[in-house]
Amino acid sequence: IPASRDRLRIAIQKNGRLAEPARALLASCGMGWRESRDRLFCYGESLPVDLLLVRDDDIPGLIADGVCDLGIVGRNVLAEQDGARIGAGRASAFREWRALGFGACRLALAVPEGWEWKSPAQLSGKRIATSYPALLGRWLTREGVDAQVALLSGSVEIAPRLGQADAICDLVSSGATLAANQLKPVVTLFESEAVLAGPIHALDAARGELVELLLRRLDGALRIRH
Ligand code: ATP
Ligand code: ZN
């Protein structure tokens, strides 16, 4: 993919919960695309705005590296990766530009249904499985709880049944997945929805104008939806 500086590039999820609503939102801003055969890249035909179809976890890094100008990603992913950067002594490189009103969920601490939940202190010495070590770590520090964090990239909710962990910290929307695994949510650590993410600093002049146009249309589309 050539690094064209006159066209705008937006990263969205290729498959998954945010893929379809992200495209629908951009289409409602008057964008239309021609898809490449490998389904990695969508060439914008009505505006000089192209889409890169990727895993959601890659979107903050693509913005940080300047490979993409903007991205549509869960606030949870953005906050986790920003927290990881800060924890590693690096500066923030991306931020939320707009909340988009879909993909709502929360990062919750969940414990076995049999536990009588009283306070975070109960987690001292326990093992908590999560894919969000930075957000969980920040909360544990704030609560003054000394717990072990087990990093899992997926299927976090089965960890207690497997004896891998005592509790979990995972994304929840309806709570059905937790219930199916005999877990109950006890604390919300973070509220999330899909967001438009961009760099910390403004874009250069040519693409800056394109971004202004896109944001005006996006704000119009978001107003109509609410
Ligand atoms: P990818 O293959 O792109 O890495 P993924 O499995 O990490 O996909 P999805 O499960 O499609 O991602 O979730 C994408 C985003 O959808 C989450 O980061 C979150 O912001 C949002 N979301 C909304 N509800 C839920 C939910 N119940 N569980 C997980 N994510 C949810
Ligand atoms: Zn992912």
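What you are looking at is a predicted structure, and each value in this text was computed from that prediction instead of being measured. Remember, it's 1-based here, ligands and their atoms both numbered in the order they're listed.
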Does the pair Arg85/Asp82 count as a salt bridge with the N-to-O cut at 4.0 Å?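 No, this pair does not count.
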Only heavy atoms count here, so choose which of [options] is nearest to [atom].
atom: atom 17 (C) of ligand 1; options: Leu53, Leu178, Asn76, Val73; answer: Asn76
atom: atom 22 (N) of ligand 1; options: Ser174, Cys105, Ser131; answer: Cys105
atom: atom 8 (O) of ligand 1; options: Gln13, Arg17, Glu80; answer: Gln13

Going by the side-chain contact (heavy atoms from CB on, under 4.5 Å) test, name the single residue among Leu196, Leu70, Val195 that passes it with Arg98.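 Among Leu196, Leu70, Val195, the one that satisfies the side-chain contact (heavy atoms from CB on, under 4.5 Å) with Arg98 is Leu196.
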side-chain contact (heavy atoms from CB on, under 4.5 Å) with Ile59: which of Leu18, Leu52, Leu78, Val73?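 Per the side-chain contact (heavy atoms from CB on, under 4.5 Å) rule, the option paired with Ile59 is Val73, out of Leu18, Leu52, Leu78, Val73.
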May I ask whether Ala104 places a heavy atom under 4.0 Å from ligand 1?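 Yes, Ala104 has heavy atoms under 4.0 Å from ligand 1.
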Provide the number and element of each atom of ligand 1 under 4.0 Å from a heavy atom of [X].
X: Leu18; answer: 15 (C), 16 (O)
X: Gly103; answer: 21 (C), 23 (C)
X: Gly74; answer: 20 (O)
X: Gly16; answer: 11 (O)
X: Val77; answer: 18 (O)

So, is Asp56 polar-close to ligand 1, with some N/O to N/O distance under 3.5 Å?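 There is such a contact, yes.
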Quick one: does Arg75 get an N or O within less than 3.5 Å of an N or O on ligand 1?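 For ligand 1, there is no N or O atom that lies under 3.5 Å from one belonging to Arg75.
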Do the side chains of [Y] and [X] get nearer than 4.5 Å, heavy atoms only?
X: Arg138; Y: Leu189; value: no
X: Pro120; Y: Trp139; value: yes
X: Pro48; Y: Asp6; value: no

Can you measure from CG (Leu214) to CD (Glu209) and round to the nearest 0.5 angstrom? 13.5 Å
Quick one: look up the protein heavy atom nearest atom 27 (N) of ligand 1 and list residue, atom name and how far away it is. Ser173 OG, 2.6 Å
Is the backbone N or O of Ser124 less than 3.5 Å from a side-chain atom of Asp146, with the two atoms forming a donor-acceptor pair by type?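 Side chain of Asp146 to backbone of Ser124: no pair is present.
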Angle, OD1 of Asp57 through the Zn ion (ligand 2) to OD1 of Asp56 - 10° precision: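 It rounds to 80°.
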Are any of the protein's heavy atoms under 4.0 angstrom from atom 3 (O) of ligand 1, yes or no? yes
State plainly whether one hydrophobic cluster holds both Leu140 and Trp115, where clusters connect Ile, Leu, Val, Met, Phe, Trp and Tyr through side-chain heavy atoms under 4.5 angstrom apart. yes
